[in-house]
There are 2 protein chains.
Amino acid sequence: MQTSARVTIGDVARTAGVSVATVSKVINERYGVSAATSAKVKAVVAELGYETSLVARSLRGSRTNVIGVLVPGFEPFSTELLKGISDAVAETDYELLAYSPSTPSDRAVGWEHRSLARLSGTLIDGAIMVTPTIVGADTHVPVVAIDPHTGPQGLPTVDADSATGAFDATTHLAGLGHRRIAYLGGRPDLESARLREEGYRAALESAGIPFDPDLTRVGAYHAPTADGPLHELMTLADRPTALFAANDLSAIRAVEVARELGLRVPEDLSIVGFDNVPESALVDPPLTTVQQPMHQMGAEALRMLLDLLAGVERDAHLRLPTSLVVRASTAPPAPPAPPAPSL
Amino acid sequence: MQTSARVTIGDVARTAGVSVATVSKVINERYGVSAATSAKVKAVVAELGYETSLVARSLRGSRTNVIGVLVPGFEPFSTELLKGISDAVAETDYELLAYSPSTPSDRAVGWEHRSLARLSGTLIDGAIMVTPTIVGADTHVPVVAIDPHTGPQGLPTVDADSATGAFDATTHLAGLGHRRIAYLGGRPDLESARLREEGYRAALESAGIPFDPDLTRVGAYHAPTADGPLHELMTLADRPTALFAANDLSAIRAVEVARELGLRVPEDLSIVGFDNVPESALVDPPLTTVQQPMHQMGAEALRMLLDLLAGVERDAHLRLPTSLVVRASTAPPAPPAPPAPSL
DNA sequence: GTCCGTGTCGAAAACGTTATCGATAACGAT
DNA sequence: ATCGTTATCGATAACGTTTTCGACACGGAC
């Protein structure tokens, strides 16, 4: 039906009565072709609707003017970054290619390296990798990592100040009077998750609250893996009165689980998230959370990449500040429940 | 620095002491290679960290197991669609490539066709195009269009019921008692914009309100282009008491412009949007809007595309229902302003 | 000892493009 | 009339794959 054969540079050459070399020249505006033939070729190109194949051009040449963004998926975090990158790239003459592996084997550890190897030979001039778990390796295009596994080392990186953000979040809860503050971690293999737990602990200590290992659980930054740990936490004999979740997706799930368990938020349980994805303001109650400047992180990452491509020397690591946004999911703890609650 | 040359199939062949043909066979698990050589080649592949080049493979073969999504940019609408597509593709063995042209020339009319031609030769097995303005054309891969220019004709399409959605939105305003209801249109070249105006007019008629051409303006579905028309509308001698904007981005901008002009929303001006992008709930006041099932639209589009690829016959056009979500940006009109307002 | 099948492998073409470089024609200068 | 210069153009190699097909060796069967 719609499947007509692709029109190639050869077709253009044939119907224009010139060689493929000449067609290539007029397309790329190289020197050495007369005005007359140039016009004729252009006419044929327009008539046939010819477009040069990105694939073939990539295979042959070295520059493609395309930069790739490797994302583990299109969850809110990646999406916000993409917007920042996209806005920044709009001012350049590069194009954007977002690539997300989806086969189970690819999603396993090492997906970044595999994808990168597949694309950089050479479909893309450079890449931005979101949440890479492997970051060393020898790539042969410039790469900037956002929120990487290993923290600032090796590749140029952009991330947010997770430790301080987590410290602020936990301190906020402590300041409201909470003493039993639980922590739901993120993927333990991620530097950001490690730093957030660090900030959580530091805040506890600074508030004079002893660290209780029983109040921390580990998730994986998304809803399904948070379920079990959340149930455990909320059905503890000595239930925590507050919860700090390592990212918004987990925190949002926490709100849901609390509701399923008959707990009121924030009266029975205060909840703080991390990221400030758009969704966090939509849940009921709207989430108190730590804002990561995702848009800006994306834009900065692109800027670093462009500098790399241009050969400009720059600081290899950029850490952007976070800020606490207080909404309605946090409140002072209820007074210790009397055996027979009065109405 | 990190720029080491790419390791090719030739390198593997050389160090393994076999031919490139043999390497290719073991990689693709073709018949005709002994267990011994296969093992040796696999060892070398692992040692050298070889990955087959997507570009070269695409150029040669016909299938790539990659489907492309062509988006005009990463604004909220495209992003929500992407999530739906991504979730659906995760259950298949395809991979996702989101492509967004960014050079000014590409963003001009016809970007879709150009991009498609560039990618389908053949980087991708099929494509989903978001908001294509040109939709006929002879592509040589299956394509599904979301919210296209020309409406359901030609290419398989997925869209939302814009006419009914707009009708409901306008009727909601009329039901609140508004008589002077302005309309800020979207890109006039888009079928969806046309249908929304149609719904707006039908609702006016059904409510017995005469259509006033002076109360409709045209925008382009995004903030910058909405500014002028919005100012005109809001500074009219006989100011409208309600505004229906053809998409949320315009509506959100309308809220801002109203505030700049000293108008209170919804007391002085009720505003309704279209799309229900996540941001619409974040503005102050939260936007009353028409929900498009964007996530579902993306998923359905992918499903159609997969059927096309598999050669399954299907209905070529899918129109999903919309629903009105009432939030705080709409209210009954204030009583006709008395010359000296009382407090 | 010859013949034929079977199993294993490699040479080479092809995909669509760009870059290099040699060939040809036109033309002014001697 | 011959030469050198310039402008224009085309043949061809190369990019990294996959696929086709022929070559070859090794068996066993006659």
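Protein chains get the first letters and strands the later ones, always in sequence-line order, with residue 1 at the start of each.
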N or O in side chain of B:Arg30 less than 4.0 angstrom from D:dT18 OP1/OP2: no
Nearest-angstrom distance from the residue atom CG of A:Leu123 to P of C:dC15: 20 Å
Distance below 4.0 Å between B:Thr22 side-chain N/O and C:dG10 OP1 or OP2: yes
From A:Ser58 atom OG to B:Leu123 atom CG, the distance as rounded to the nearest 0.5 Å: 7.5 Å
A:Ser34 side chain near D:dC9 phosphate (N/O to OP1/OP2, under 4.0 Å): yes
Distance in angstrom units between A:Tyr31 OH and C:dC21 C1', rounded: 16 Å
Between C1' of D:dG16 and CD of B:Glu51, the distance in whole Å: 14 Å
Nearest-neighbour nucleotide for the A:Arg57 side chain, C:dT17, C:dC9, D:dT18 considered: C:dT17
Residue B:Ser24, side-chain heavy atoms: nucleotide from D:dT19, C:dT20, C:dT18 that is nearest: D:dT19
Any donor-acceptor pair under 3.5 Å from A:Asn65 side chain to A:Asp93 backbone: yes
Any A:Ser53 side-chain nitrogen or oxygen under 4.0 Å from OP1 or OP2 of C:dG16: no
Backbone N/O of A:Val33 and side chain of A:Thr37: donor-acceptor pair under 3.5 Å: no
Backbone of A:Gly84 reached by a side-chain donor or acceptor of A:Asp87 within 3.5 Å: no
Separation of atom CZ in A:Arg63 from atom C1' in C:dT17, rounded to whole Å: 17 Å
Short side-chain donor-acceptor distance under 3.5 Å, B:Ser192 and B:Tyr221: yes
N or O in side chain of B:Tyr50 less than 4.0 angstrom from D:dT17 OP1/OP2: yes
Selection from C:dG10, C:dT17, D:dT17 that lies nearest to any side-chain heavy atom of B:Ala56: D:dT17
d(CD1, B:Ile27; C1', D:dT19) in whole Å: 14 Å
Whole angstrom value for the distance that separates P of D:dT19 from CD of B:Glu29: 13 Å
Nearest-Å distance for atom pair CD1/C1', residues B:Ile9 and D:dT19: 12 Å
Residue-phosphate contact under 4.0 Å: B:Thr37 side-chain N/O, C:dC9 OP1/OP2: yes
Any A:Thr8 side-chain nitrogen or oxygen under 4.0 Å from OP1 or OP2 of C:dG16: no
D:dT17 base / B:Arg60 side chain donor-acceptor hit below 3.5 Å: no
d(CG, B:Asn28; P, D:dT17) in whole Å: 11 Å
